[in-house]
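Structure record follows, encoded as structure tokens.
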Amino acid sequence: MSSSEFVIDMQELESLLDETAGSDGEREFGTAALAFLRAHAQPKPPLSTTWGVGPEHLELFHETSDDEERAEADAALAWQRTKFEAGFGWIGGPSEHGGGGYPDSYDRLFRILEGRFDVPDPSPIRIGIGTVGPALVLHGTSDIVEQFVRPLYEGKSIACQLFSEPGAGSDLAGVSTTAVPVDGGWQVNGQKVWTSNATFADIGLALVRTDPSAGKHAGLSMLLVDMRSPGVEVRPIQQMTGGASFTEVFLADVHVPAGRMIGEPGAGWSVATATLAGERKAVGDRSHENLTRAVELLRHLGDAEGFDDARLRRRWAEVAIGVRASRLRQQGLQSVPAEYVAPAERTADKLLTAANLAAIGDLAADLLGPRFSVDTGEWGTFAWNKWRMGALGYRIAGGTEEILKTLVAERVLGLPREPKELR
Ligand SMILES: Cc1cc2nc3c(=O)[nH]c(=O)nc-3n(C[C@H](O)[C@H](O)[C@H](O)COP(=O)(O)OP(=O)(O)OC[C@H]3O[C@@H](n4cnc5c(N)ncnc54)[C@H](O)[C@@H]3O)c2cc1C
């Protein structure tokens, strides 16, 4: 990169800071953040939208080997450590535990600035810092936060979420993994499934049944499981796209010490709800840079393949408008303090992101015909297949579309509630 390009990038970043910082405090914080980022990372070169140039980058899930996955996790941890040491690793966290104590808007400002730099992909540690960590701060004791949450932000530990089971996904309150009281703690038995990142996680937040005689929700509790305990077995599940980002986790007579319960026995459902709210926000926050780039690549594809058909041209316009509208909506939500944003707004965000991902993949499939399904080696053709198959995962992760639409119908639109006995 030439030095003149570097200067132009920096000017753009200064104006981005001007646009984004809403107060003098945010401006001062943003200036320090920018100085930190400039000292520790290079500006990110834009992803190419030129047809036929560089890798296609159209996969939505990691398609890496175990070794590559571990290396990515180590890189994400190292960058997290660097941020933490400089005061940017846990911007909104409680100051008594090493966090910055800043409002959400500061964290958002940092993420916007960080997004312009070439830093390691945070995916391997995102569940810990974006989902499990915030739920534990809300529901865990001070000891739990110091011993288990702080290391997530310090870049010393990775967490996974042990919720779903073969018989309990949408109906999460139906989990049957049990925890029975034993000397000095709990003994856990059962099976979890679809656990992301479990192969390299240090701790797992596990929803378990502690009282089978209590009501469905009231019998649940939340435990922090050391993933290296005897009796924990992690088996990777291979995805149809080739990689193995998910696992089955078998728990056989796993001992969990007494102090590792989050909240009281029977309070597991409220911790699970707080965790799921964070998860939906994370899916909705999915990088718009990728979506916008995909829309642009689709335009190239359409120009070459089928935009003489007015129906396909129109579909491209609808996809482009959908992505832009969802971006503007998200920016609108980000401009108001988080406490004024109802959880249902986040749910809608996740639904829109997943629908946009799927619509982009569908249009690519219709433009390409058989070349979407058969790898001919031609640039920008079969690569869309990974996008389309990955998009299915986004419709399911963090709550399926059917379940979330029911939530929006009942809690936002006030429609009659679904009869419980049919669930
Ligand atoms: C990318 C990805 C990452 C994931 N990561 C994790 C993780 O880290 N940890 C974890 O614990 N889990 C994880 N999951 C699992 C995820 O939470 C579940 O897959 C999801 O909750 C759906 O559960 P299920 O797969 O059992 O489907 P089911 O609940 O069996 O649903 C099957 C179908 O039936 C429909 N359905 C079910 N009930 C109703 C109803 N009442 N009304 C209407 N339709 C209904 C569903 O919408 C769906 O279409 C992940 C999933 C994905 C795709």
Side-chain angles (χ1 to χ4, degrees), residues 59-63 69 73 123-133 135 158-177 190-201 203-208 216 220 222-225 227 234-241 243-251 268-269 271-280 282-284 286 347 350-351 353-355 357-358 386-411 415-423:
E59 61 283 341
L60 295 178
F61 285 99
H62 278 193
E63 308 292 344
E69 205 171 39
S123 305
I125 61 172
R126 193 177 276 141
I127 289 177
I129 59 177
T131 309
V132 170
I158 295 181
C160 66
Q161 187 181 310
L162 297 164
F163 284 14
S164 309
E165 295 183 0
S170 302
D171 185 17
L172 186 60
V175 297
S176 57
T177 293
Q191 186 202 335
K192 298 291 176 178
V193 73
W194 308 126
T195 318
S196 311
N197 303 339
T199 36
F200 48 79
I203 52 168
L205 186 64
L207 186 62
V208 293
K216 193 172 174 184
L220 298 173
M222 197 64 88
L223 287 175
L224 259 187
V225 177
M227 293 299 285
V234 178
R235 294 187 200 159
I237 302 175
Q238 188 166 15
Q239 292 139 222
M240 59 182 167
T241 43
S245 315
F246 314 99
T247 60
E248 296 174 288
V249 178
F250 294 85
L251 303 147
W269 188 246
V271 188
T273 316
T275 318
L276 291 176
E279 189 180 7
R280 280 163 202 163
V283 175
R286 218 203 122 65
T347 301
K350 154 129 176 164
L351 286 169
T353 303
L357 289 167
K386 287 205 167 161
W387 178 288
R388 183 61 187 93
M389 290 202 279
L392 291 171
Y394 280 90
R395 298 187 100 146
I396 299 169
T400 66
E401 292 199 348
E402 291 84 356
I403 296 297
L404 297 188
K405 282 179 180 168
T406 301
L407 270 182
V408 171
E410 292 177 354
R411 300 198 191 157
L415 296 177
R417 292 180 76 82
E418 197 177 60
K420 291 281 184 210
E421 54 277 15
L422 294 184
R423 285 186 180 175

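Only heavy atoms go into these numbers, but all of them, side chains included; no hydrogens, no water, no symmetry mates. In this chain, numbering begins with 1 at the start of the sequence shown. Note that the structure is predicted; figures quoted are calculated from it, not measured. Indexing begins at 1, ligand by ligand and atom by atom, following the structure's order.
Polar contact with ligand 1: present for T400 (N/O pair, distance under 3.5 Å). Not one N or O of T195 is nearer than 3.5 Å to an N or O of ligand 1, by distance alone. For ligand 1, the polar-atom distance check finds no N/O of E165 at less than 3.5 Å from any of the ligand's N/O atoms. Taking only nitrogen or oxygen atoms, main chain and side chain alike, T406 does not reach within less than 3.5 Å of ligand 1. When only interatomic distances are considered, the shortest N/O to N/O separation between F163 and ligand 1 falls below 3.5 Å.
Set against the non-hydrogen atoms of S196, the atoms of ligand 1 under 4.0 Å away are 3 (C), 4 (C), 5 (N), 6 (C), 7 (C), 8 (O). Ligand-side atoms of ligand 1 in range of I403: 38 (N), 39 (C), 40 (C), 41 (N), range being under 4.0 angstrom from any heavy atom. Ligand-side atoms of ligand 1 in range of E418: 41 (N), 42 (N), range being under 4.0 angstrom from any heavy atom. Listed by atom number, the atoms of ligand 1 under 4.0 Å from I396 heavy atoms are 19 (O), 20 (C), 22 (C), 53 (C).
For the pair I237 and V193, the minimum side-chain heavy-atom distance is below 4.5 Å. Counting heavy atoms from C-beta on, the side chains of L162 and T177 never come closer than 4.5 Å. Annotation: side chain of T406 is not in contact with side chain of V408 (no heavy-atom distance under 4.5 Å).
Residue F61 places a heavy atom less than 4.0 Å from ligand 1.
With a 4.0 Å heavy-atom cut-off, ligand 1 is reached by no atom of Y394. Neither the backbone nor the side chain of E401 comes within contact range of ligand 1; no heavy atom lies under 4.0 Å.
For W269, the CH2 atom is densely surrounded, since the number of other residues' heavy atoms within 6.0 Å is greater than 12.
In this comparison of S170, A168, G398, the heavy atom closest to atom 31 (O) of ligand 1 sits on S170. Among K405, Q239, E402, the residue whose heavy atom lies closest to atom 49 (O) of ligand 1 is E402.
For the pair P124 and I158, the tightest heavy-atom approach, listed with the atom from each and the gap, is O-CG2, 3.6 Å.
Here F61 contributes atom CZ and Y394 contributes atom OH; the two are 4.5 Å apart, rounded to the nearest 0.5 Å.
Between the side chain of K192 and the main chain of L207, a donor-acceptor pair closer than 3.5 Å is present.
S196 and Q161 share no donor-acceptor pair across their side chains, judged by distance under 3.5 Å alone. With hydrogens and angles left out, the side-chain atoms of E248 and T195 include no donor and acceptor closer than 3.5 Å.
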